[in-house]
Amino acid sequence: MFKRFKGFVNKEFYHIFRDKRSMIILFGMPIVQILLFGFAITNEINNVEVAILDKSADSETEVIINKINASPYFNIESEVQSEKEIGEVFRKGKVKAVLVFEKDFANNLQVLNQANVQVITDATDPNTANTISNYVQSILQHHSEEINLQNEVPYKVEVRSQMFYNPELKSVFNFVPGVMTVILMLVSAMMTSISITREKEQGTMEILLVSPLKPIQVVVGKVFPYIFLSVINAVIILLLGFVVFQVPVEGSLVLLALESVLFIITALSLGVLISTIAATQQAALMISLMGLMLPVILLSGFIFPISSMPVPLQVLSNIIPAKWFIIILKGIMLKGVGIAFLWKETLVLIAMALVFIGISVKKYKIRLE
Amino acid sequence: MSISIKNISKSYKKLKALDDVSLEIEQGELFGLIGPDGAGKTTLFRILTTLLFADEGTASVAGYDVVKEYKSIRRSVGYMPGKFSLYQDLSVEENLNFFATIFGTTIEENYDLIKDIYLQIEPFKDRRAGKLSGGMKQKLALSCALIHKPKVLFLDEPTTGVDPVSRKEFWEMLKRLREKGISILVSTPYMDEAALCDRIALIQGGKILRVDTPENIIEKHPKQIYNVRSRETYRLIQDLKDYPGSENVFAFGEFIHFTSSEETFEPQELQEYLLEKKHEELEIYPANASVEDVFMDLASSSET
């Protein structure tokens, strides 16, 4: 019994290690994705080029301009002489924002207690434009608070925001759990579904069926190597996140490991399910990509927050295993919570895994048709 | 009785793949299933190896019913599908080892059985199966099908796409296996291989046309065959087909085999007719029937 199973698993490892494409998907992709998401795809802004239209050119504007230039977010590249030129610098594409100081800025500030700055942004990329505008406002806000320190203002409401769990608002804190989810889903579901359909396509399933191997031995034998490889992947991703991006694991590592294995099993059983539907590797690949990757990326809350989706999509997101796993991951890694806060999500994943396994076993064909 | 097939029928949607097929194959017999592509050979193999259900009829292999006792059959038969179905990315030895393991045995345990065959591919045992030549692939596939010492061996078109030398070797191996008491059901589209079997069944369009020893099938054939040859083979076929009473005309090696449905057929008259058509270097003489002639004759009469 055990010898047969071991023989089967050995064979699977040969398949995986001898196929360059499998190896690239298994180990190249996680590393590339983490680095890509961590470094390139980020909502933070750094060294954005800003132009100035300073109609006043007095001591006050100079202080503000220096402050903005000194921040890591902005570089003041050029001066614009008139409103007409603003459109021109935007069209050139390098400058993303223009600050316009009104005439007699310092004077207005002292006499009228108010002076105006206009922030004009290039909103071809709305997210960046928004972020730039917010950053500029917060620098100006800071500046006006400094001025106000000297002269007492009788009443004011002051907002002091504090960011829990990710005080520096690093987007990589969000991406590491997200990418880990995507990779585990991809490796587990896609690779198993392809590897089972490959047996059908090559005709080897025919010989496996005409052998004393039980269906459950074939399925578990197929799945087993990927559990192992997925766990290695999870470790690589967490290490990369920690070493390169300082993403912490606040909570229990044991719990994290157990929950990861649970998610891997859920994804694997989904992969087995796909392979019972798909007749060819091509079909399995398409179903995995369209049916798994897109929902995992779009509907899991990885990139777009679920709470701001239309209601039907919010409902739909509940059947995406990745959604629950991302909640669990963020809970353990960033908030440091334990099972007491995550038992609901854990139960959902267990239930999903059971349903997928149940359907797969029922649909697994012991004959050809 | 090693394989017993009773009134098996099977349809794929509208296509009737097997039509009321019955066969009995003895213990230790080398039995050939001879017929062209699409005759239903693979379907019959799949029903016997428990991969498909028949629509009607019953069958048993090695004493086990193909539906109820499919698990016992899967343990005790060796199956070599028509398509090369080994793992191309595993080496010769790894493939053999894998199949030995899943059948709960080892290469050493049954080495005697496969020795003759395996010795020929052993020098390449570290080569990936995908990089073997056609003949070596078949030898490896046969070794894998034999490694668990099956009672019945199913070989679906084992020699298709294999060079003539390897084909000959392959059939010699089958004869040696039969001597070890293994029943073998082998299918082939090559009529010349039919003569190498103990008994054959001619199959076409899902129907069994005849079952007998190859010798009997040829001897009992009532029609006289003529070998005809001329310089222009293609025009000769056309002209023979137009000849009154022409029944079967097909190329057989360097000759055209011709039979007439007329009882009063005279080769002399045919020669005059062909000479009139300006055929040069004409030769006509009676020939011995082959399995192919019988098959063509039976197939054409079963169609009408």
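The figures that follow rest on heavy atoms only: side chains count, while hydrogens, waters and symmetry mates do not. Every chain is numbered from 1 and lettered A, B, ... according to where its sequence line falls, protein lines coming before strand lines.
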Ion pair B:Lys83/A:Glu201, N-O distance below 4.0 Å:
no

Interface moiety of B:Tyr79 toward chain A, non-hydrogen atoms closer than 4.5 Å
both

Where does B:Phe84 contact chain A at under 4.5 Å (heavy atoms): side chain, backbone, both or neither?
backbone

Residue pair A:Ile207, B:Phe99: steps toward the side-chain contact (heavy atoms from CB on, under 4.5 Å) verdict
CA-CA 9 Å; A:Ile207 323 192; B:Phe99 285 102; 3.7 Å; yes

Side-chain donor-acceptor contact under 3.5 Å, B:Tyr87 with A:Gln202
no

Do A:Val210 and B:Val77 make a side-chain contact, defined as non-hydrogen atoms from C-beta onward lying under 4.5 Å apart?
yes

Using every non-hydrogen atom in the two residues, find where A:Arg18 and B:Ser91 come nearest and quote the distance to one decimal.
NH1-N, 3.9 Å

Does the side chain of B:Leu90 come within less than 4.5 Å of A:His15's, by heavy atoms?
yes

With rounding to the nearest 0.5 Å, note down the distance linking OG1 in B:Thr106 to NZ in A:Lys3.
7.0 Å

Might you confirm whether atom NZ of B:Lys71 has over 12 heavy atoms from other residues, nucleotides or ligands at distances under 6.0 Å?
no

Look up atom CG in B:Leu51 and atom CE in A:Met205, then write down how far apart they are to the nearest 0.5 Å.
11.0 Å

Which heavy atom of B:Ser85 sits nearest to which heavy atom of A:Thr204, and what is that distance?
O-CG2, 3.4 Å

Value rounded to 0.5 Å, distance of OG1 in B:Thr105 from CZ in A:Arg4:
10.0 Å

Does CZ in A:Phe13 sit with more than 12 non-hydrogen atoms of other residues, nucleotides or ligands closer than 6.0 Å?
yes

Does atom CZ of A:Phe224 have more than 12 heavy-atom neighbours from other groups under 6.0 Å away?
no

Hey, what do you get for NZ (A:Lys11) to CG (B:Asn97), rounding to the nearest 0.5 Å?
13.5 Å

May I ask you to check whether over 12 heavy atoms, not counting those of B:Glu109, lie within 6.0 Å of atom CD?
yes

Smallest heavy-atom separation, A:Arg367 atom then B:Val67 atom, equals NH2-O, 3.8 Å

Nearest heavy-atom approach of B:Phe98 to A:Gly7 is CD1-O, 3.9 Å

So, the part of A:Gln217 with a heavy atom under 4.5 Å from chain B: the answer is neither

Assert top hit (heavy-atom pairs under 4.5 Å, partner chain B, pool A:Asn10, A:Leu208, A:Ile366) equals A:Ile366

Decide if atom OH of B:Tyr111 counts as having more than 12 heavy atoms of other residues, nucleotides or ligands within a radius under 6.0 Å.
yes

What distance do A:Phe8 atom CZ and B:Ile102 atom CD1 have between them, rounded to the nearest 0.5 Å?
7.5 Å

